[in-house]
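A, B, ... follow the sequence lines: proteins, then strands. Residue 1 opens every chain.
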There are 2 protein chains.
Amino acid sequence: MEIETATQAFSALSQGARLATLKMLIKAGPRGASAGEIAEAMKTPPPTMSFHLKELERSGLVHARKEGRRVIYSADYGGVRELIDFLLADCCGGDRRLCGPYVVIKESA
Amino acid sequence: MEIETATQAFSALSQGARLATLKMLIKAGPRGASAGEIAEAMKTPPPTMSFHLKELERSGLVHARKEGRRVIYSADYGGVRELIDFLLADCCGGDRRLCGPYVVIKESA
DNA sequence: TTGATTATTCTATAATTATAGAAGTATGGA
DNA sequence: TCCATACTTCTATAATTATAGAATAATCAA
């Protein structure tokens, strides 16, 4: 993962509403939630939430799909995992003081 | 980890110079590096670097100690690990789609 | 003590990000 | 075709963050 991609993702998570949104969407699973549901859950006006959702999407952490007249957002598991991988591998370089409690099982290619 | 602590840490990592600094300090190990060495390595003027280092320290990702007239910064392994834990546990809730490739070995209490 | 070194704080300015009302764009139903 | 719904984009403003020179503080060495 490029360092610029990583900073962009961290930037997306540096805001309470966005971090809470990602958490909510991970809990929601692949079914996701509509922009309106999210805005209501976050007690945030639609235009503000739309801004935040776009930020999360731009960072590759969530995915948007259109269903009728609503836009359904769901967590982008690949993107989130890439970020975790970046922290554990690229950034921390597999340092045992950091990765010690985690065992990385390489998936068969 | 409080959500506010997490957003603060993500904010610290949302800036290229700071993310690169943390990476450098993790590589450097417990010996760390002085503010001047870091500023030079990052090709950043001392006041700007000082600002960034303070930000990293405030977020609990690095630690500062004074040695003579220089200030030595080193990675705060505990802080970094807490952030990784937050992503894997608090945020992702141990979701297998995210944590799948990692096995968390609980340390004996 | 004087001067050089190392780093931080002060300050001002530039740049970016957040907020949310108003306006605009689909979509679906009566 | 109209109207309501569901969002997004436009726009303006507020708030925060980044940058770096100038000034200041602390340490060491001659």
Worksheet item: If you find the nucleotide of DNA chain C closest to A:E67 and the one closest to A:H52, which residue's nucleotide is nearer the 5' end?
Response: A:H52
Discussion item. So, taking the atom named CD1 in B:I26 and the one named OG in B:S74, what distance separates them when rounded to the nearest 0.5 Å?
Written reply: 11.0 Å
Worksheet item: By side chain to side chain contact (heavy atoms under 4.5 Å, CB included), which residues pair with A:S50, not counting sequence neighbours?
Response: none
Worksheet entry | Interatomic distance, B:K66 NZ vs D:dA26 P [rounded to whole Å] | 8 Å
Practice prompt. Return the set of residues passing side-chain hydrogen bond (donor to acceptor under 3.5 Å, both in side chains) with B:T21 (not counting sequence neighbours), or none when no residue passes.
Written response: none
Discussion item. I'd like to check B:L13 versus A:T7 (side-chain heavy atoms, cut-off strictly below 4.5 Å). Are they in contact?
Written reply: no
Discussion item. Under the side chain to side chain donor-acceptor pair (under 3.5 Å) definition, can you give me all pairs with a residue in residues 61-70 of chain A, not counting sequence neighbours?
Written reply: A:R65-A:E67
Worksheet entry | Within residues 32-50 of chain B or reaching into it, pairs that qualify as salt bridge (Lys or Arg N to Asp or Glu O under 4.0 Å) - sequence neighbours excluded | none
Worksheet, complete the sentence: residues 1-22 of chain B vs salt bridge (Lys or Arg N to Asp or Glu O under 4.0 Å), sequence neighbours excluded, gives none
Discussion item. Quick check on DNA chain D: between B:G68 and B:T48, whose nearest nucleotide comes earlier from the 5' end?
Written reply: B:T48
Discussion item. Do B:V80 and B:I84 make a side-chain contact, defined as non-hydrogen atoms from C-beta onward lying under 4.5 Å apart?
Written reply: yes
Fill in: By side chain to side chain contact (heavy atoms under 4.5 Å, CB included) - contacts of B:A17 (at least two apart)
B:Q15, B:H52
Worksheet item: When you measure from every atom of DNA chain C, which of residues 4-27 of chain B have a heavy atom less than 4.0 Å away?
Response: none
Response to the item:
Rounded to 10°, the angle between the first-five-pair and last-five-pair axes of the helix from C:dT1-D:dA30 to C:dA30-D:dT1 is 20°
Where do N or O atoms of nucleotides 6-9 of chain D meet protein N or O atoms at under 3.5 Å, pair by pair?
unit_1	atom_1	unit_2	atom_2	d
D:dA6	OP1	A:R70	NH2	2.6
D:dC7	OP1	A:S34	OG	3.2
D:dC7	OP2	A:G36	N	2.9
D:dT8	OP1	A:Y73	OH	2.6
D:dT8	OP2	A:S50	OG	2.9
D:dT8	O5'	A:S50	OG	3.2

Item to complete: Using atom types as modelled and distance alone, determine if a side-chain donor or acceptor of A:T5 lies under 3.5 Å from a backbone N or O of A:M1.
Response: no
Discussion item. I'd like the 5' and 3' limits of the part of DNA chain C contacted by chain A, with heavy-atom contacts below 4.0 Å.
Written reply: C:dA18 to C:dG28
Discussion item. Can you pull out every salt bridge (Lys or Arg N to Asp or Glu O under 4.0 Å) where at least one residue sits in residues 49-59 of chain A? Sequence neighbours excluded, please.
Written reply: A:E55-A:R58
Worksheet item: In terms of hydrophobic clusters joined by side-chain contacts under 4.5 Å, are A:F51 and A:L19 together?
Response: no
Discussion item. Holding to side chain to side chain contact (heavy atoms under 4.5 Å, CB included), I want the full list of residues that pass it with A:P47, two or more places apart in sequence or in another chain.
Written reply: A:P45
